[in-house]
There are 2 protein chains.
Amino acid sequence: MSEAPQGCAWIEGSYLPIAEARIPILDTGFVRSDLTYDVVAVWGGKFFRLDDHLDRLERGCERVRLRSPMSRAETEEILEQVVARSGLREAYVETVITRGVPTPGERDPRRFENRLYAYAIPYVWIQRPEQQEVGSKVVVARDTVRVSPGAIDPTVKNFMWGDFVRGLFEAYDRGAVLPILTDGDGNVTEGPGVNVFVVRDGALATPARGVLEGITRQTVLDIATELGIPARVGEVPVSALYETEEIFLTSTAGGVMPVAELDGRPVGAGGVGSLSARIRATYWDWHDDPRFTRSVDYGD
Amino acid sequence: MSEAPQGCAWIEGSYLPIAEARIPILDTGFVRSDLTYDVVAVWGGKFFRLDDHLDRLERGCERVRLRSPMSRAETEEILEQVVARSGLREAYVETVITRGVPTPGERDPRRFENRLYAYAIPYVWIQRPEQQEVGSKVVVARDTVRVSPGAIDPTVKNFMWGDFVRGLFEAYDRGAVLPILTDGDGNVTEGPGVNVFVVRDGALATPARGVLEGITRQTVLDIATELGIPARVGEVPVSALYETEEIFLTSTAGGVMPVAELDGRPVGAGGVGSLSARIRATYWDWHDDPRFTRSVDYGD
C-alpha cells in the first residue's frame with residue numbers, strides 16, 4: 001500500500017488528489033453537520049444502481065431543504081470524472097451536499113449557498129470478504145439507542161454518527177466488530193452504515209422504521225423477489241435477533257455481510273447461513289448485470 | 001463589512017487567515033461528525049471563563065474517548081495566538097478535537113490519530129443586542145424533538161445539529177427566530193446553541209437533563225447566587241413555558257437573550273422582564289471582572 005491515499009475529489013470546481021481535498025472549516029456541513037450525502041459503488045469499472053443513489057440524494061435534499069448547486073447531469077459528470085481520474089475499478093464514490101458557508105453574521109439557513117463535494121476512493125469494506133466468508137461478530141448495543149426519527153430523520157443519509165460511534169466503541173470493547181442499535185422501545189433499527197436482516201423459517205425480515213432506506217437493503221429485497229424468497233419490511237422486535245436462523249447486514253460498503261455471532265453466541269447453527277450465502281452471491285452477480293450497472297469511461 | 005471574512009485559524013501547525021482555513025474532507029470529524037468542541041468568547045480583549053471552557057472540552061474528550069494531540073498549555077497558546085493574530089477584541093474562539101483521518105482501510109476508531117483545529121472569528125450573536133433589548137420571538141418546536149441523551153450525549157458539545165436545524169427551519173417558517181425543543185416526554189430541553197431559563201415567582205429554573213451544561217447557563221446560576229435570586233436546576237415541564245413571567249436563553253454566542261414572544265403570544269407581561277434585564281446587565285459586567293477574565297496579549 002502506498003503512503004499517499006488513492007482517490008480523486010471534486011472541490012469547488014477543481015479535481016484534486018484525495019490527499020489534497022479539503023473543505024472550508026466554516027462550512028455548516030462541518031460545524032453543524034448540516035448536509036446530506038450518498039455513496040455509490042463502482043465495481044469492475046461500473047457504477048451499481050447509480051440512478052437509485054442519485055434519486056435518494058435528491059429526495060434527501062428535498063426533505064432537509066437543501067438545493068444542490070449542480071444539476072443531475074452535472075453531478076453524474078462529476079462522479080464519472082472523479083472515478084475515471086482516480087483510475088479505480090472498485091471505488092467508493094461519495095457525493096455530499098452541504099448547507100454551505102454563511103456570509104458573516106447570517107444565521108438564516110434558508111439564505112446560505114449550498115455546496116456540493118464529491119470524491120472517489122478505493123472501495124470500502126465494512127467487513128472484508130475473508131471475514132464475510134466466516135461471518136462477523138456483532139453485539140446488540142446496550143449502552144446507546146438509535147437517534148429517533150422524531151429528532152433526526154434517518155432516511156436522509158447523514159453524518160451524525162454519535163450513536164453509531166458510541167455503539168462501535170461498545171462493540172470493540174466487547175470483542176465484536178459492529179453493533180446493532182435498538183430504538184429503545186424493543187425494536188431493532190440499524191448499525192453504523194448497515195441495515196439489518198433476520199431470517200426465520202426461510203423468510204427475510206428487515207426493520208421499516210428508524211432506519212436508512214438502504215439501496216443494498218432494496219437490492220436484497222429485489223433479489224428475494226427474483227429468487228422467490230418471502231421478505232417482510234416491518235417491525236422487527238429485538239427478541240427476534242435471538243430466535244433467528246440467520247442474520248446479515250447490508251451496506252454499499254461491503255454488500256451482504258453475514259453475522260456468525262451475536263453477543264458472544266452463535267447465530268442459528270453458527271457460521272454463515274445458506275440463505276445469506278445465496279443472497280450474497282447473487283448480490284455480486286448483479287454488479288455485472290446491465291439492468292443495474294453503467295460503465296465508467298476511463299478513456300483507456 | 002469587507003468581502004474577506006475576518007479571523008485566524010490554526011490548522012495542523014500553521015496559522016492561516018480564516019478564509020483559507022480548511023480541513024481534510026476525509027477527517028471523521030466531517031464524515032462522521034466524530035468530534036467535540038468548545039467556544040470561548042473574547043470580550044474587550046479578554047477571554048471569559050477560559051478555564052471553564054477548557055475543562056468542559058477535556059471532560060467531553062474523555063466521555064467520547066478522544067485524546068487531544070495538544071496539552072492544555074499548548075491549547076491555551078494556540079487560542080491566544082489565533083485571537084492575537086486576528087486582532088479581534090470581541091471574538092468567538094472555537095476549538096475542535098476530531099477523531100482524525102483514518103489510514104486507508106482502518107475502521108477501528110480507537111486507532112485514529114485525533115486532531116485539533118482552532119479559530120477566532122468576530123463575536124457571534126445568536127440574537128443581536130438591539131434584538132435583545134426588545135426580546136426575541138421563539139416557538140416550541142412541534143415538528144421535531146431533541147435527540148435523546150441515550151442516543152447522543154448532549155453534555156459533550158457536538159455539531160450533530162439535525163434536530164436543531166429542523167427546529168430552526170420551523171421557527172423561521174412560523175415567523176420566529178429560534179425554537180425550543182422538548183424531549184418528547186413533556187419536558188423542555190434546549191434550543192440551537194442555547195439553554196433555556198424560565199422565571200416564576202421571582203425564581204429561575206433551567207432543565208437539568210438532555211441539555212448542554214452551558215458555561216453561560218452556569219454563569220447565570222452564579223449571578224443568581226450573587227444577587228440572591230433563587231434558582232433551580234431540574235425538570236422543567238413544557239407547560240411551565242406558558243405559565244412563566246419571563247423566559248430567556250443563554251449562550252456564549254450572545255449571552256443572556258430575553259424572549260418576548262412564545263408561539264406568537266407575549267411571554268408574561270410582554271417585552272423584556274426585569275429579572276432577565278438585571279441578569280443580562282450583570283452578565284456583561286462580569287466580562288470585565290478579573291475573577292472570570294484573562295487578557296489577551298495582542299503585542300501592541
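Hydrogens, waters and symmetry mates are skipped; everything else that's a heavy atom, side chains included, is used. These numbers were taken from a predicted model, which means no experiment stands behind them.
- Heavy atoms closer than 4.5 Å to chain B are found in the side chain of A:Asp34, but not in its backbone.
- When each of A:Thr144, A:Asp163, A:Asp27, A:Val31 is scored by its heavy-atom pairs under 4.5 Å with chain B, the top score falls to A:Val31.
- Among A:Glu20, A:Arg166, A:Arg146, A:Arg99, the residue making the largest number of heavy-atom pairs under 4.5 Å with chain B is A:Arg166.
- Heavy-atom distances place no part of A:Arg128 under 4.5 Å from chain B, backbone and side chain included.
- For A:Tyr123, no part lies near chain B; criterion is any non-hydrogen pair under 4.5 Å.
- Counting heavy-atom pairs under 4.5 Å between each of A:Gly150, A:Ser33, A:Gly162 and chain B puts A:Gly150 at the top.
- The greatest number of non-hydrogen atom pairs below 4.5 Å with chain B, out of A:Val156, A:Asp143, A:Asp108, A:Leu168, is found for A:Asp108.
- For a residue to count as touching a neighbouring chain, one of its non-hydrogen atoms must lie under 4.5 Å from one of that chain's; by this rule A:Val145 touches chain B with backbone and side chain alike.
- The contact between A:Ile126 and chain B is made by backbone and side chain atoms together, counting heavy-atom distances below 4.5 Å.
- Across every non-hydrogen atom of A:Leu35 and B:Phe30, the tightest pair is CD2-CE1, 3.6 Å.
- Heavy atoms closer than 4.5 Å to chain A are found in the side chain of B:Thr98, but not in its backbone.
- Residues from residues 189-196 of chain A never place a non-hydrogen atom less than 4.5 Å from a non-hydrogen atom of chain B.
- In this structure, B:Arg174 places its CZ atom where more than 12 heavy-atom neighbours from other residues, nucleotides or ligands lie under 6.0 Å away.
- Shortest non-hydrogen contact noted between A:Glu12 and B:Arg22 is OE2-NH2, 3.0 Å.
- Among B:Asn158, B:Val101, B:Ile25, the residue making the largest number of heavy-atom pairs under 4.5 Å with chain A is B:Ile25.
- A:Ile152 contributes atom CD1, which lies 5.0 Å from atom CD1 of B:Ile152 (distance to the nearest 0.5 angstrom).
- The choice from A:Tyr119, A:Tyr117, A:Tyr37 that makes the most heavy-atom pairs within less than 4.5 Å of chain B is A:Tyr119.
- Minimum heavy-atom separation, B:Trp125 to A:Arg107: O-CD, 3.5 Å.
- The choice from A:Ile23, A:Val177, A:Thr103 that makes the most heavy-atom pairs within less than 4.5 Å of chain B is A:Ile23.
- Of the atoms belonging to A:Asp173, heavy atoms from both backbone and side chain fall under 4.5 Å from chain B.
- Looking at B:Leu26 and A:Ile18, their side chains come closer than 4.5 Å, going by heavy atoms from C-beta outward.
- Ranked by heavy-atom pairs shorter than 4.5 Å toward chain A, the options B:Ala21, B:Ala141, B:Ala9 are led by B:Ala21.
- Contacts of A:Val124 with chain B are made by side-chain atoms alone, with heavy-atom separations under 4.5 Å and no backbone atom involved.
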